Structure formats: structure tokens, C-alpha cells
Amino acid sequence: QVQLVESGGGLVQPGGSLRLSCAASGFTFSSYAMTWYRQAPGKEREWVARIDSPGTTYYADSVKGRFTISRDNAKSTVYLQMDSLKFEDTAVYYCKVIFYGKDYWGKGTLVTVSS
């Protein structure tokens, strides 16, 4: 069965950095695109970044230049390196994969940016 487990969230100061991880299992990780989303309280879930199976990356304008998505196929893990964090980056961050036409989500990891 497909399973995604996020980790690495926590409390950071504005301008700080954090690295999120998403460990995947239950499918051939190297063959699938992986995506990060985030959701702040009272807001819609927002797409953040995507990395396809060849390794091409895509970013939302709100995080471009500050966040970096990467993957380690040997570890079946996708990462989100977050630098120059802002208050508005505060959210629960989720990873997602589309497998056989169905969305699979992790439970999320909370990132709080506060001074």
C-alpha cells in the first residue's frame, strides 16, 4: 500500500531555514513525480513545488528562489529545503503522489515561522 510520511517541521525564526522530508513506500518511487503542498489555518491548500521522475523541478511563485525540492531515489525520499522563511510560510506541509489515478497524501508536518 502507498504510504507517505513527512518529517522535519518545527519552529523557526523569520529568515531561518528548515528541511522537510517525505519518506515513501508502496510504489516504485523513482518512476513517479512527487509534489509538496501546504495549508495554513482557514486557507485553501496551496501547491508549493513538484519534481518529476527525470528530476525537473517546478515552484510556486511565492517560494521560487527560496525553496528547493529534491529527491533521493535510493532512499525513496523527497525533500523540501526551505530558506529565507517568512511568516506567511507558516502552514502544515504535505507531500503527495498520484498513483493509478488516485491522490495519496501524507499526514503533514507543521512549520511555524515566528519571532
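The first residue of the sequence shown is numbered 1, and numbering continues consecutively from there. The structure presented is a predicted model; accordingly, all values stated were derived computationally and were not measured.
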Expected output: side-chain Arg71 to main-chain Asp52 donor-acceptor under 3.5 Å:
yes
Are Tyr79 and Trp36 linked, directly or through intermediate hydrophobic residues, by side-chain heavy-atom contacts shorter than 4.5 Å (ILVMFWY only)?
no
Quick one: does Gln3's side chain have a donor or acceptor within less than 3.5 Å of a partner on Ala24's backbone?
no
Aromatic centroids of Trp47 and Tyr58 separated by under 6.0 Å:
no
Do Tyr59 and Val78 land in one hydrophobic cluster if side-chain heavy atoms of ILVMFWY residues count as linked below 4.5 Å?
yes
Would Asp89 and Lys86 count as a salt bridge (charged side-chain N to carboxylate O under 4.0 Å, His left out) here? Give the steps.
CA-CA 5 Å; Asp89 295 320; Lys86 305 174 180 179; over 6 Å; no
On the six-membered ring of Tyr94, is Arg38 placed so that its NZ or CZ lies under 6.0 angstrom from the centre and within 45° of the ring axis?
no
Return the orientation label for the Phe27 and Phe99 ring planes: parallel under 30°, perpendicular over 60°, tilted otherwise.
tilted
Within the distance-only criterion (no hydrogens, no angle test), does the side chain of Thr90 pair as donor or acceptor with the backbone N or O of Thr112 below 3.5 angstrom?
no
Do the side chain of Arg45 and the main chain of Gln39 share a donor and acceptor less than 3.5 angstrom apart?
no
CA sep, side-chain torsions, deciding dist, call: Ser62, Glu88, side-chain hydrogen bond (donor to acceptor under 3.5 Å, both in side chains):
CA-CA 10 Å; Ser62 59; Glu88 52 263 43; over 6 Å; no
Using modelled atom types and a 3.5 Å cut-off, is there a donor and acceptor pairing between side-chain atoms of Asn73 and backbone atoms of Ser76?
no
Apply side-chain hydrogen bond (donor to acceptor under 3.5 Å, both in side chains) to the pair Thr77 and Asp72, showing each step before the final yes or no.
CA-CA 5 Å; Thr77 300; Asp72 185 338; over 6 Å; no
Report the C-alpha distance between Thr35 and Tyr37 in whole Å, list the side-chain angles of each, state the deciding distance to 0.1 Å, and finish with yes or no for side-chain contact (heavy atoms from CB on, under 4.5 Å).
CA-CA 7 Å; Thr35 306; Tyr37 285 78; 3.3 Å; yes
